[in-house]
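A, B, ... follow the sequence lines: proteins, then strands. Residue 1 opens every chain.
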Amino acid sequence: MKLSNTPAQRYVLRIADAALILSQRNAEWCGHGPILEEDLALTNLALDHLGQARALLTLAGKLDGLDEDQLAMLRLEHQFLNPVLFELPHGAHGERDFAFTVLRNLAASVWFGLLWQRLLHSSDAELAAIAEKSAKECRYHLQHATDWTLRLGDGTEVSKAKMQAALERLWPYVGELFEADAIDAEAQASGLGPSWDSLQADWRAQMESVLTAATLQIPKDRPNAHRGRHGQHSEHLGHLLSELQYLQRAYPGGTW
Amino acid sequence: MKLSNTPAQRYVLRIADAALILSQRNAEWCGHGPILEEDLALTNLALDHLGQARALLTLAGKLDGLDEDQLAMLRLEHQFLNPVLFELPHGAHGERDFAFTVLRNLAASVWFGLLWQRLLHSSDAELAAIAEKSAKECRYHLQHATDWTLRLGDGTEVSKAKMQAALERLWPYVGELFEADAIDAEAQASGLGPSWDSLQADWRAQMESVLTAATLQIPKDRPNAHRGRHGQHSEHLGHLLSELQYLQRAYPGGTW
Amino acid sequence: QSREAAFQARIDAGDYIEPKDWMPAHYRKTLVRQISQHAHSEIVGMLPEGNWITRAPSLKRKAILLAKVQDEGGHGLYLYAAAETLGTSRDQMLDALHTGKAKYSSIFNYPTLTWADVGVIGWLVDGAAIMNQVPLCRCSYGPYARAMIRVCREESFHQRQGYESLLVMMQSGTEAQKAMVQDAVNRWWWPSIMMFGPHDSDSLHSEQSMRWGIKRISNDELRQKFVDATVEQANVLGVTLPDPDMKWNEARGHYDFGRIDWDEFWRVVGGDGPCNRERLATRVKAWDDGEWVREAALAHTHKQQQQQTKEAA
Amino acid sequence: QSREAAFQARIDAGDYIEPKDWMPAHYRKTLVRQISQHAHSEIVGMLPEGNWITRAPSLKRKAILLAKVQDEGGHGLYLYAAAETLGTSRDQMLDALHTGKAKYSSIFNYPTLTWADVGVIGWLVDGAAIMNQVPLCRCSYGPYARAMIRVCREESFHQRQGYESLLVMMQSGTEAQKAMVQDAVNRWWWPSIMMFGPHDSDSLHSEQSMRWGIKRISNDELRQKFVDATVEQANVLGVTLPDPDMKWNEARGHYDFGRIDWDEFWRVVGGDGPCNRERLATRVKAWDDGEWVREAALAHTHKQQQQQTKEAA
């Protein structure tokens with residue numbers, strides 16, 4: 001699939017793919033949650049992110065006459081531009097680690113929240129409209145993730161240890177959320193949206209406040225080694241895509 | 001993909017797919033074995049089954065001018081004819097359960113051993129030649145699986161419990177290995193190969209001898225509920241195929 | 001004795017029984033069994049369709065499927081809540097499920113093998129469920145009746161969605177898609193009509209349940225209604241129901257259909273279906289893996305309460 | 001003192017040192033570190049390529065890849081055995097790996113993202129490894145030298161296989177395949193030339209290792225040799241090495257190349273590469289999950305021995 005790959009298109013795709021891939025991950029909990037209410041809540045979260053992804057993919061595809069499904073189902077791995085954080089499996093070894101799920105959703109909802117706020121003022125009216133709807137959804141996501149972080153961080157010894165371990169696993173991936181490059185610079189200059197590095201201070205402050213209240217230790221910052229935003233992913237995305245895209249590829253030309 | 005689906009073709013495909021899918025499963029241990037020597041042994045097993053599958057697929061595909069890769073990579077799920085046993089993940093929840101791996105390989109090597117012996121006399125010279133090579137490989141597989149069954153069954157309390165639990169999980173799937181239908185009847189009549197039900201008594205006797213020596217309890221027989229031989233699989237095969245076939249489907253027309 | 005007679009009179013008069021009303025112990029027990037079994041079916045029923053969430057062929061279909069499976073979880077919630085009004089806790093009911101004492105609908109012991117299975121489950125399985133459930137909206141036990149009204153509304157929506165997704169494939173799809181739909185229909189048809197349970201002549205519990213207004217229409221009557229409705233839908237769709245004996249019977253004014261394989265039915269009910277062990281193991285694992293989460297949530301709540309007590313003191 | 005001198009004289013004369021020979025403690029320690037690090041690299045190196053076994057694009061390629069990864073495990077076996085002759089057990093070495101005390105080649109901390117990565121690892125990574133390892137076939141320690149002869153023979157085979165698979169894609173493949181190969185080359189080129197280690201001026205241990213015949217050619221010399229060979233191969237293949245500064249230097253008779261990003265090198269060596277934590281966690285999990293298997297095997301052997309003792313008595 002050929003994409004124009006303009007800076008604006010790539011800027012939007014980075015956000016679209018973040019929402020799409022995180023949705024795919026959170027949807028893996030459907031039917032497997034620790035309590036039924038959480039099953040529903042995580043599915044809700046997946047649905048919201050999926051809706052955001054669909055709107056953003058539609059926006060990003062316009063330039064090349066591609067629809068949301070062509071972008072989601074027929075791009076190759078290196079054409080996905082989400083930060084690596086969003087594609088990681090819940091557990092280090094393929095299991096569903098609820099602690100990691102909660103903490104990633106916390107990190108994501110703080111980050112998305114800041115991003116949507118800034119995108120409300122995007123020079124692209126459509127992007128601003130998507131941000132407005134998404135910002136509302138995000139408030140609920142943030143509340144939900146915050147509640148669980150507090151419960152599990154300041155719950156039992158066991159839950160605290162699991163949360164701390166999950167936080168250690170997560171932390172080396174957060175740096176990528178605040179990288180800035182030419183694409184960011186152009187988006188910032190054109191008013192399309194903020195350079196991601198400008199979100200870092202607020203993100204850090206909000207995260208510290210929740211994690212500290214949850215009695216968790218913030219890990220040492222690590223230099224960023226991840227380049228998902230440039231299409232260089234972890235080994236996990238390929239496996240995720242082999243599922244996500246299988247049907248469209250096995251039944252080419254289908255109408256669904 | 002259109003197949004002639006003659007009884008002879010389906011008879012060969014059932015065996016080919018059993019070898020192919022079991023190979024794919026055993027290959028999942030590569031790099032993850034409990035000791036390095038087992039990593040190598042399981043990889044070897046996967047390689048032998050893969051070689052058998054390639055020869056059998058080539059044979060089965062001749063009728064329709066299809067090669068081994070077209071059959072392996074482009075058939076849809078319901079066109080795979082392996083018994084369900086061979087497609088099950090090693091662990092009940094996606095983890096690698098070495099106990100199950102050992103017991104399935106025991107069940108499989110006893111079964112393949114009996115099958116190859118009978119196929120030595122196949123009216124199809126090519127099938128007989130494949131059986132001759134495979135029978136030799138199978139002797140080593142059987143020895144290896146037997147050794148491990150004895151070690152783990154009559155090892156520690158923990159290992160015995162794991163083996164017994166794995167045996168309980170495995171047992172409801174063995175019935176399918178000895179079903180007989182019109183395809184078997186035709187193969188038996190034409191001299192292509194034995195009706196699978198004729199392998200059951202010997203299989204049972206060999207299994208009992210090893211499992212008893214390993215101090216394991218043979219579970220109660222269950223009526224067969226599985227129809228992989230008819231192209232109706234478990235939910236696991238679809239996920240396995242989404243990986244197995246991804247590259248050929250994502251890069252159509254490629255030369256590898 | 002007179003309490004029982006009065007109770008029966010209320011039911012006969014079409015009154016709803018409410019949680020605080022007196023009721024016979026057996027009525028209570030029967031309802032707990034039935035409602036919890038229904039709730040368990042919703043929860044276990046999330047698994048076969050959930051199997052296709054990661055692989056839905058379009059984002060729209062993925063969203064529809066996610067929302068549908070979520071609805072099933074929601075039905076589980078209402079139904080557990082309705083059963084709890086009878087004095088059994090959700091944890092007790094779940095324990096009965098996990099230890100194999102409680103049942104769930106046997107249909108969920110079949111695997112979903114293709115994407116078309118998702119549509120066919122909506123069409124046939126939800127369709128059969130609705131046939132079974134609509135009469136329960138007039139069930140004598142108020143909380144159950146009210147839960148069922150909500151459940152049925154959503155199930156009808158799901159059924160239409162499922163049917164519509166099949167229609168798209170049959171009308172605009174490729175040959176491979178059409179074959180996929182027919183294959184799914186072939187696999188799900190017989191299990192679907194088994195969902196109405198044994199023939200009336202072999203059905204336990206039914207008579208008493210009828211008297212109590214817990215069951216309103218017999219298994220065979222519902223099954224016939226379902227078959228009659230479905231044959232027409234299959235024609236519109238352009239699929240063949242896998243029953244060579246199916247044909248219109250002018251005299252009866254109904255479709256005749258072939259013999260149901262009751263051996264298979266009882267085998268699957270008895271635990272030897274293709275997925276029984278896996279479905280239960282999956283639920284048990286989700287529950288066991290979630291134990292630390294539930295314990296932590298409880299511990300956190302206690303801590304909060306102690307804090308508030310201290311602050312109040 | 002004279003023992004050390006005699007030892008050095010043997011090495012200078014080109015003799016092999018054997019396990020029972022006297023050797024300086026530091027020579028022993030250096031060798032254990034180097035051989036075990038090499039063994040660990042083989043074992044950890046199974047993971048990035050193993051990531052593609054389930055997805056190989058043809059059954060032939062799957063067989064080749066399986067056999068290759070198996071060979072790497074085999075190299076691990078020879079090398080652990082060679083290191084054990086120096087008085088350290090495999091379990092001790094593995095413990096050092098699992099606790100992060102021992103290193104493995106930093107190249108395996110990069111992910112394999114496409115099928116072409118498998119071919120490029122064969123071509124570039126195995127190619128660089130062979131450059132490093134061929135001189136070790138003349139290493140002063142006999143068991144290590146002999147292991148390396150076998151390793152190098154197999155590695156050359158792997159390298160040719162990897163290159164051949166790329167050649168097929170570049171010569172007969174689709175545009176998408178060619179792009180995949182180029183993308184893989186872009187990602188692996190710089191990490192590959194970092195495999196020769198820091199510049200000679202920054203390299204610890206090297207001088208002593210040279211004297212002891214454990215190292216025979218300097219990092220920069222090997223790297224240059226690798227670059228010179230690879231440029232030609234890249235031309236035949238039709239891929240571009242991602243270094244705008246790469247050009248033939250007539251005066252030196254070598255290719256000049258751009259500045260290596262040593263910050264990245266040290267970051268990855270230091271634990272902050274894209275996959276360091278995951279690679280180690282995967283190895284540790286395999287080991288921990290296998291504990292019951294190893295214990296059972298041991299228990300079974302004890303039982304067998306007791307049985308034999310009894311029978312003998």
All side chain to side chain contact (heavy atoms under 4.5 Å, CB included) counterparts of P143(C), not counting sequence neighbours: E18(C), P19(C), A82(C), T85(C), Y141(C), R146(C)
Considering all heavy atoms, the nearest A27(A)-L66(C) contact: CB-CD2, 3.9 Å
Pairwise side-chain contact, L3(A) with L71(A), heavy-atom cut-off 4.5 Å (strictly under): yes
G76(C) to L36(A) - nearest heavy-atom pair and separation: C-CD2, 4.2 Å
Residue part contacting chain A, namely of L298(C), when any heavy atom lies under 4.5 Å: neither
A99(A), part contacting chain C, at a heavy-atom distance under 4.5 Å: both
Chain C contact via L57(A) - which portion, at a heavy-atom distance below 4.5 Å: side chain
Closest non-hydrogen atom pair between L20(A) and A72(A), with its separation: CD2-CB, 4.0 Å
Residue, of L47(A), V158(A), L152(A), L240(A), that accumulates the most heavy atom pairs under 4.5 Å with chain C: L47(A)
Option in L244(A), L40(A), L42(A) with maximal non-hydrogen atom pairs under 4.5 Å from chain C: L40(A)
What would the table of donor-acceptor pairs between chain C and chain A look like if you include every N and O pair under 3.5 Å, whether backbone or side chain?
from    : atom 1 : to      : atom 2 : distance (Å)
T54(C)  : O      : Q24(A)  : NE2    : 2.9
T54(C)  : OG1    : E243(A) : OE1    : 2.7
P57(C)  : O      : Q248(A) : NE2    : 2.8
L59(C)  : N      : D69(A)  : OD1    : 2.8
R61(C)  : NE     : W256(A) : O      : 3.0
R61(C)  : NH2    : W256(A) : O      : 3.3
K62(C)  : NZ     : Q24(A)  : OE1    : 2.8
Q70(C)  : NE2    : L40(A)  : O      : 2.9
Q70(C)  : NE2    : N44(A)  : OD1    : 3.0
R90(C)  : NH1    : E37(A)  : OE1    : 3.2
R90(C)  : NH2    : E37(A)  : OE1    : 3.4
R90(C)  : NH2    : E37(A)  : OE2    : 2.4
S172(C) : O      : T255(A) : OG1    : 3.1
Q177(C) : OE1    : T255(A) : N      : 3.0
Q177(C) : NE2    : T255(A) : O      : 2.8
R283(C) : NH1    : G31(A)  : O      : 2.6
R294(C) : NH1    : P34(A)  : O      : 2.9
H300(C) : ND1    : L150(A) : O      : 3.4
H300(C) : ND1    : D154(A) : O      : 3.0
K303(C) : NZ     : D154(A) : OD1    : 2.9
K303(C) : NZ     : G155(A) : O      : 3.0

For W188(C) against P111(C), the heavy-atom pair lying closest together: CZ2-O, 3.4 Å
Considering all heavy atoms, the nearest T240(C)-V185(C) contact: O-CG1, 3.9 Å
Spacing of I35(C) atom CD1 and Y144(C) atom OH [to the nearest 0.5 Å]: 6.0 Å
Segment of L47(C) engaging chain A (4.5 angstrom heavy-atom cut-off): side chain
Between CG on residue L22(A) and CG on residue L50(A), distance to nearest 0.5 Å: 11.0 Å
Options G173(C), G50(C), A176(C), ranked by heavy-atom pairs under 4.5 Å with chain A, top entry: A176(C)
